[in-house]
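Residue numbers begin at 1 in each chain, while the letters A, B, ... track the order of the sequences.
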Protein chains: 2
Amino acid sequence: MNVSGSQRATMLDVARLAGVSEKSVSRVVNREPHVSQKLRDKVEAAIAELGYVPDPAARSLAGVRSFTVGLWIDTRGLHYSMKLMEGAYEACRAHGYHLQVENLGSKIDDAAQVARLDNILRTSRLDGVIVTPLFSDNSAVMDFLESQGMPYARVSPFTHYGRAPAVFMDDAAAAGEVADLFVRNGHRFIGLVTGSPRHGAAVARRTGFLERIAIIAPDAVITEAEGNFAFEAGIAAGRQLLDVADRPTAIFATNDDSAAGVMTACAQLGLTVPDDVSICGFDDNLMAKSVWPYLTTVHQPIAELAQQAALLLIDRHADKRQTADVLLPHRLVERDTIRDLRTSEKVCRPAMGDDDA
Amino acid sequence: MNVSGSQRATMLDVARLAGVSEKSVSRVVNREPHVSQKLRDKVEAAIAELGYVPDPAARSLAGVRSFTVGLWIDTRGLHYSMKLMEGAYEACRAHGYHLQVENLGSKIDDAAQVARLDNILRTSRLDGVIVTPLFSDNSAVMDFLESQGMPYARVSPFTHYGRAPAVFMDDAAAAGEVADLFVRNGHRFIGLVTGSPRHGAAVARRTGFLERIAIIAPDAVITEAEGNFAFEAGIAAGRQLLDVADRPTAIFATNDDSAAGVMTACAQLGLTVPDDVSICGFDDNLMAKSVWPYLTTVHQPIAELAQQAALLLIDRHADKRQTADVLLPHRLVERDTIRDLRTSEKVCRPAMGDDDA
DNA sequence: CTGAAAGCGCTTACAG
DNA sequence: CTGAAAGCGCTTACAG
């Protein structure tokens with residue numbers, strides 16, 4: 001019906017074709033109540049026939065909504081940020097929203113940060129903002145948003161639960177599963193590479209792991225080293241943990257970047273993974289398949305986290321109902337860096353290349 | 001002046017404060033000609049006093065411009081896509097434009113692709129689109145855009161030069177510099193890890209390297225292996241090149257992912273980098289600093305490429321002038337994977353610049 | 001060089 | 001449950 005190059009249909013076109021008023025078309029498009037089924041059917045048929053898509057600029061200008069949500073991200077890992085954008089963008093696109101990404105950077109103090117946020121809000125029209133780590137635990141940022149009456153959703157908060165709708169995964173439970181995996185494979189001498197205690201996820205992963213170990217293998221010996229969630233610090237942590245007489249048989253690095261560092265430390269010390277040392281990461285980011293052997297790790301659904309957060313903000317208007325927190329599932333991805341100490345076989349997928357040389 | 005929480009100023013507010021018509025404010029905001037300096041000064045003062053920012057929705061609705069540019073990307077490397085978005089987004093943000101990212105995927109045939117693009121164009125209002133690899137060399141895509149009269153800019157094209165404004169770097173010249181680096185450090189037995197010949201950059205890098213070697217070291221012995229621009233294929237290529245009697249002393253992997261693969265192959269074969277084998281990559285992506293030692297590579301200014309492409313589309317309206325192609329500089333980043341065969345020292349950052357013998 | 005009028009495509013506020 | 005009128009904040013097209 002819709003010949004390429006033809007003018008885009010307007011709401012008035014739809015109204016005329018359906019034989020109703022523009023307001024009625026508007027009601028159908030916006031899923032407003034009090035519309036008879038008959039009228040709705042006529043309008044929907046006309047919309048389909050004309051391939052009508054509402055003009056967001058007109059909707060924004062006439063109404064109170066801007067059809068734009070903000071995504072505030074820290075200058076953290078490229079992969080993490082990218083996945084966040086991917087997810088938020090997907091939700092926005094599916095609902096005709098624009099996404100306005102703001103790269104905040106966390107190297108300034110709260111007062112300066114708030115001044116900056118104030119400027120952002122003054123020069124944009126936003127229906128809501130998605131606040132991501134480490135801002136999602138920053139109460140100066142939340143105070144400000146609340147003072148402006150700006151709706152927001154939090155990605156992966158670790159404090160102040162309930163202050164605003166949140167989307168998260170259970171880092172502690174996931175770390176507990178890593179503990180299960182280690183113990184199930186016979187490991188009792190264990191290394192733990194931690195992240196900064198300022199980082200909510202780092203704390204949750206460490207605590208979740210330790211608490212689970214205390215339950216299932218109270219006899220286990222655990223040594224810790226700070227890996228700062230970074231490759232180079234991971235190398236140092238790995239050397240610290242491994243360059244000793246009675247080294248651990250397995251190391252849980254609480255993110256993939258530091259896990260890759262630990263693997264490099266192994267190579268430097270002439271240790272083979274997983275024959276000499278088993279390693280598990282956390283995140284399932286790019287690094288996990290950029291090391292050899294491929295890293296066993298916990299998959300964090302970053303894009304989905306941001307997508308759901310965006311939906312929280314979008315649905316807020318569509319359904320007029322307050323939305324609840326959402327917990328997203330994680331997944332332990334068993335690749336090739338864990339060895340089963342009891343059967344002396346490494347745990348891996350069926351087909352793994354030859355490992356001679 | 002602008003108290004937090006106050007209403008946003010409109011063009012009418014500015015006009016009243018300056019004592020001129022709205023149309024005059026519009027002329028100043030849009031940098032239209034035929035405006036007296038006196039009027040311009042008054043308007044600009046009022047804009048500054050009120051902190052006025054034009055409403056993009058209203059501009060879009062009233063005018064022919066949508067203040068939205070499209071970014072069409074392939075499902076290639078996450079890092080590459082992220083950098084592209086980062087750059088395009090920055091240009092858009094600085095000019096009050098929206099960015100609409102479309103993840104196209106290249107696994108379908110041209111006809112299906114064009115049908116999809118047609119649908120995208122019909123359901124969006126775009127001022128122009130940034131076309132990125134591998135679409136930037138796809139003539140079906142370009143034909144379609146031209147048939148729709150849609151302005152577009154190409155990122156890193158390798159064919160059909162001049163068909164539309166383009167932004168690129170000189171891959172061949174950069175690869176030539178890698179050849180210079182190898183030869184300068186005394187390497188004559190050289191491995192070359194290539195990418196798919198379908199990929200313009202892969203071809204340019206290979207050719208540029210080979211042609212430069214032919215000039216500066218015609219006696220050099222070069223062996224090639226296909227690395228498919230990927231980590232795992234890079235491992236295979238590295239093993240193929242290195243697991244022989246007279247192995248090369250240096251390998252140029254034409255992208256960083258395959259270079260990381262070659263480094264893994266070295267580890268597997270018990271070879272130390274750069275003592276036994278020197279390695280150079282290309283791209284300077286995340287991998288370059290996620291391997292040890294850090295990879296010497298060519299920095300490709302991906303974000304800047306996309307940023308300039310966006311600017312081409314934005315300025316097109318602002319200045320009403322046809323814009324020309326832009327060539328962006330690359331940079332050879334000497335890190336720690338090249339050894340100087342003549343002095344038996346590895347070349348690394350501290351020693352950069354003065355390596356006279 | 002400057003401005004008054006009309007209108008972009010929707011939603012709001014109000015009637016019926 | 002449905003619709004007619006006004007208006008969002010700009011730009012276009014036209015005058016002067």
Side-chain angles (χ1 to χ4, degrees), chain A residues 7-44 46-47 50-68 95-98 123-125 127 317-318 320, chain B residues 7-44 46-47 50-68 96-98 122-125 127 317-318 320:
Chain A
Q7 285 295 29
R8 298 185 64 189
T10 68
M11 188 170 269
L12 188 57
D13 296 329
V14 175
R16 282 209 255 258
L17 181 60
V20 301
S21 72
E22 276 190 272
K23 179 65 226 184
S24 290
V25 178
S26 175
R27 285 202 177 89
V28 172
V29 166
N30 291 300
R31 298 174 207 284
E32 286 173 29
H34 312 307
V35 178
S36 72
Q37 190 58 46
K38 193 170 155 228
L39 187 149
R40 183 183 305 279
D41 290 343
K42 279 193 297 186
V43 170
E44 279 172 350
I47 286 175
L50 294 172
Y52 171 71
V53 179
D55 183 331
R59 299 228 272 180
S60 168
L61 183 59
V64 292
R65 295 145 80 187
S66 66
F67 294 91
T68 303
H95 294 262
Y97 274 63
H98 287 293
T123 56
S124 332
R125 278 185 59 205
D127 286 349
H317 291 276
K320 307 284 189 209
Chain B
Q7 286 293 30
R8 298 186 63 191
T10 69
M11 188 170 270
L12 187 58
D13 296 329
V14 175
R16 283 208 254 257
L17 181 59
V20 301
S21 72
E22 276 189 274
K23 178 64 224 185
S24 290
V25 178
S26 175
R27 286 201 177 90
V28 171
V29 166
N30 291 300
R31 297 175 209 287
E32 286 173 30
H34 313 305
V35 178
S36 71
Q37 190 58 46
K38 194 170 153 227
L39 186 151
R40 182 183 307 279
D41 289 344
K42 279 192 297 187
V43 170
E44 280 172 350
I47 287 175
L50 295 172
Y52 170 71
V53 179
D55 183 331
R59 299 226 276 180
S60 169
L61 183 59
V64 292
R65 296 144 79 186
S66 66
F67 294 91
T68 303
Y97 273 62
H98 288 293
R122 192 158 35 228
T123 56
S124 331
R125 278 185 59 206
D127 286 349
H317 291 277
K320 307 286 188 208

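- Contacts between residues 17-24 of chain A and DNA chain C, counted as heavy-atom distances below 4.0 Å, involve A/Glu22, A/Lys23.
- Here A/Val35 lies in heavy-atom contact (under 4.0 Å) with sugar-phosphate atoms only.
- Nearest heavy-atom pair across A/Asp127 and A/Tyr97 is OD2-CE2, 3.5 Å.
- Remark: the backbone N or O of B/Glu32 is not paired with any side-chain donor or acceptor of B/Asn30 at under 3.5 angstrom.
- At distances below 3.5 Å, at least one donor-acceptor pair connects side-chain atoms of A/Arg125 with backbone N or O atoms of A/Ser60.
- Applying the side chain to side chain contact (heavy atoms under 4.5 Å, CB included) test between A/Val43 and each of A/Val29, A/Val35, A/Val28 identifies A/Val28 as the sole match.
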Bracket string, DNA chain D, 5' to 3' - pairs by Watson-Crick or G-U geometry under 3.5 Å, | interstrand: |||.||||||||.|||
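- Nearer the 5' end of DNA chain C, as judged by each residue's closest nucleotide, is the contact made by B/Pro33, out of B/Pro33 and B/Gly63.
- Between B/Arg27 and B/Ala58, the residue anchored nearer the 5' end of DNA chain C, judged by the nucleotide with its closest heavy atom, is B/Arg27.
- At a threshold of 4.5 Å between non-hydrogen side-chain atoms, the residues B/Val20 and B/Arg27 do not count as touching.
- Checking side-chain atoms of B/Asp13 against main-chain N and O of B/Thr10 turns up a donor-acceptor pair under 3.5 Å.
- Bracketed by its first and final contacts, the part of DNA chain C lying under 4.0 Å from non-hydrogen atoms of chain A reaches from C/dG9 to C/dA13 in 5' to 3' order.
- Along DNA chain D, the nucleotide closest to B/Thr10 and the one closest to A/Gln37 are compared, and the more 5′ of them pairs with A/Gln37.
- With rounding to the nearest 0.5 Å, the separation of CE in A/Met11 from CD1 in A/Ile47 is 7.5 Å.
- Taken from NZ in B/Lys23 to OG in B/Ser21, the straight-line distance is 8.5 Å, to the nearest 0.5 Å.
- B/Leu50 and B/Ala9 make their closest contact through CB-CB, 3.8 Å (heavy atoms, listed as atom of the first residue, atom of the second, distance).
- Under a 3.5 Å cut-off, the side chain of B/Arg8 and the backbone N or O of B/Asp55 do not form any donor-acceptor pair.
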